[in-house]
Amino acid sequence: MATASSASVPSKMKAFVYSEYGNHATVLKLKTDVPVPEVKEDQVLVEVVAAGLNPVDIGRIHGLFKAADPPFPTVPGYDVAGVVVKVGSKVKNIKEGDEVYGFISEKPLDHPKQYGTLAEYTAVEEKLLAPKPKNLSFAEAAGLPIAIETASEGLERTGFSAGKSILVLGGAGGVGSLLIQLAKHVYGASRVAATSSTGKLDLLKKLGADLVIDYTKENFEDLPEKFDVVYDAVGQSDRALKAMKEGGRVVTIIGAVTPPATQFIVTSDGSILEKLNPFLESGKVKPLLDPKGTFHFSQTVEALSYVETGRVIGKVVIYPIP
């Protein structure tokens with residue numbers, strides 16, 4: 001694909017921008033004269049080819065995290081896959097022309113970047129990026145960073161290791177679909193169970209789940225089988241505790257937390273992606289894009305509305321950009 005070099009990077013770009021909090025369908029506007037971000041010495045400028053969407057994008061536009069947000073105007077978006085067109089003076093391992101992916105704000109809810117990934121260009125620290133897996137398209141890669149790093153960090157926090165069992169609540173979502181695969185194919189779980197609605201049970205089996213639970217027909221906490229780890233990606237930590245073995249762990253990424261369950265917000269780290277790249281390149285772990293397919297840049301507002309329904313299978317990705 002044709003990309004800009006540092007000599008030909010324009011001063012203005014197309015980007016989706018909001019200048020007040022509210023419903024994305026109302027406040028998010030496509031602008032053609034947004035300044036291309038300046039590159040700091042530890043950053044690279046990425047020409048965005050594809051951008052993954054996440055529920056946090058919608059929450060941020062609605063103002064749920066306004067206390068730690070940068071000033072308006074804001075370009076939303078965290079996940080990126082693209083081509084490096086400019087490098088800062090202290091960048092060591094990335095060069096112009098490299099294909100990279102990652103999520104661009106180290107702490108997604110704590111002073112995230114003003115200029116995100118729903119734009120033609122985004123500036124991001126070298127340490128938050130990794131080489132794009134060679135076998136993946138830009139769209140496939142763009143759907144991974146926040147989800148796979150959230151899955152991995154949660155497993156690490158619970159001390160998950162080979163021979164342990166895990167129950168994944170929300171197995172067909174962006175995080176859940178990767179959790180099943182990581183637990184089974186990377187960490188060596190003895191048994192992986194996962195919940196979903198009726199129509200998604202076959203998908204969970206294909207991803208590697210040994211036991212699939214239809215939450216519309218049975219309560220997972222009533223099953224006689226209990227688990228070393230319960231990873232709650234849907235916001236049911238109180239029920240999750242009842243499915244945990246004695247001495248087990250429950251970790252959640254959403255909703256209220258019932259102790260001793262713990263909650264965390266993922267930290268962006270390109271080295272995690274680099275460690276997982278071999279599993280992606282070997283096909284042991286596969287990205288899962290929603291069956292609706294990718295949404296064109298011009299359909300970004302529509303795509304965010306679809307994410308908001310909570311019915312997404314895997315990830316929604318904006319491609320191509322612009």
Side-chain angles (χ1 to χ4, degrees), residues 4 6 9-91 94 100-129 142 145-146 149-150 265-270 297-298 300-301 303-304 307-308 316-318 321-322:
S6 59
V9 173
S11 60
K12 304 285 187 183
M13 65 179 181
K14 293 177 185 173
F16 277 90
V17 177
Y18 60 98
S19 297
E20 61 179 319
Y21 294 118
N23 188 300
H24 59 273
T26 304
V27 302
L28 194 62
K29 307 294 183 185
L30 178 58
K31 305 280 188 181
T32 59
D33 59 350
V34 179
V36 171
E38 294 290 325
V39 176
K40 296 174 183 173
E41 58 186 14
D42 63 341
Q43 292 182 330
V44 302
L45 187 68
V46 177
E47 186 170 3
V48 181
V49 179
L53 298 185
N54 296 281
V56 67
D57 295 312
I58 297 165
R60 188 180 172 198
I61 295 168
H62 281 236
L64 298 185
F65 321 117
K66 64 176 72 173
D69 240 354
F72 294 127
T74 304
V75 175
Y78 290 93
D79 281 335
V80 68
V83 180
V84 174
V85 294
K86 194 174 184 179
V87 299
S89 59
K90 292 192 175 176
V91 171
I94 295 178
V100 296
Y101 76 130
F103 80 91
I104 67 161
S105 289
E106 189 167 8
K107 302 282 187 183
L109 306 186
D110 185 5
H111 298 88
K113 287 186 170 60
Q114 182 177 4
Y115 293 102
T117 60
L118 293 172
E120 290 183 274
Y121 297 93
T122 193
V124 54
E125 288 78 11
E126 177 184 31
K127 68 180 182 178
L128 306 185
L129 296 172
I146 277 188
E149 291 187 53
T150 300
I265 296 166
V266 65
T267 299
S268 178
D269 183 351
F297 191 53
S298 61
T300 294
V301 172
L304 284 164
V307 171
E308 194 173 34
V316 170
V317 171
I318 304 298
I321 294 176

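Since the model is a prediction, treat every value here as computed from it, not as a measurement. For reference, positions follow the sequence shown, starting with 1.
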Check whether [X] reaches the backbone of [Y] with its side chain - one donor and one acceptor, N or O, closer than 3.5 Å.
X    : Y    : result
E149 : D269 : yes
T117 : V80  : no
E126 : I94  : yes

Please name the pair of heavy atoms, one in [X] and one in [Y], separated by the smallest distance, quoted to 0.1 Å.
X    : Y    : answer
N54  : V307 : C-CG1, 4.2 Å
L128 : K113 : CD1-NZ, 4.3 Å
V36  : P10  : CG2-O, 3.3 Å
S268 : S105 : CB-O, 3.6 Å
F297 : A15  : CZ-CA, 4.1 Å
V316 : A303 : CG1-CB, 4.0 Å

Original post:
Given Y21 and F72, is the ring pair (Phe, Tyr, Trp, His ring centres under 6.0 Å) satisfied, shown in steps?
Top reply: CA-CA 9 Å; Y21 294 118; F72 294 127; 4.8 Å; yes
**OP:** Name the orientation class of the two ring planes belonging to H24 and H62 (parallel below 30°, tilted from 30 to 60°, perpendicular beyond 60°).
**Re:** tilted
Rounded distance [0.5 Å steps], [atom1] in [X] versus [atom2] in [Y]:
X    : Y    : atom1 : atom2 : value
L45  : T122 : CG    : OG1   : 8.0 Å
D69  : Q114 : CG    : CD    : 9.5 Å
T150 : F103 : OG1   : CZ    : 6.0 Å
L118 : D79  : CG    : CG    : 10.0 Å
E120 : M13  : CD    : CE    : 7.5 Å
T300 : L28  : OG1   : CG    : 7.5 Å

Original post:
Would K127 and E106 pass as an ion pair if we require N to O under 4.0 Å?
Top reply: yes
Original post:
What do you reckon, is CG of L64 surrounded by more than 12 foreign heavy atoms closer than 6.0 Å?
Top reply: yes
Subject >> Other residues, nucleotides, ligands: >12 heavy atoms within 6.0 Å of K107 NZ >> reply: no
Taking the side chain as C-beta and beyond, is there a heavy-atom pair between [X] and [Y] under 4.5 Å?
X    : Y    : value
P145 : Y78  : no
V87  : V39  : no
I265 : P108 : yes

Original post:
Going through the checks in order, is the side-chain contact (heavy atoms from CB on, under 4.5 Å) test met by L129 and V46?
Top reply: CA-CA 10 Å; L129 296 172; V46 177; 4.2 Å; yes
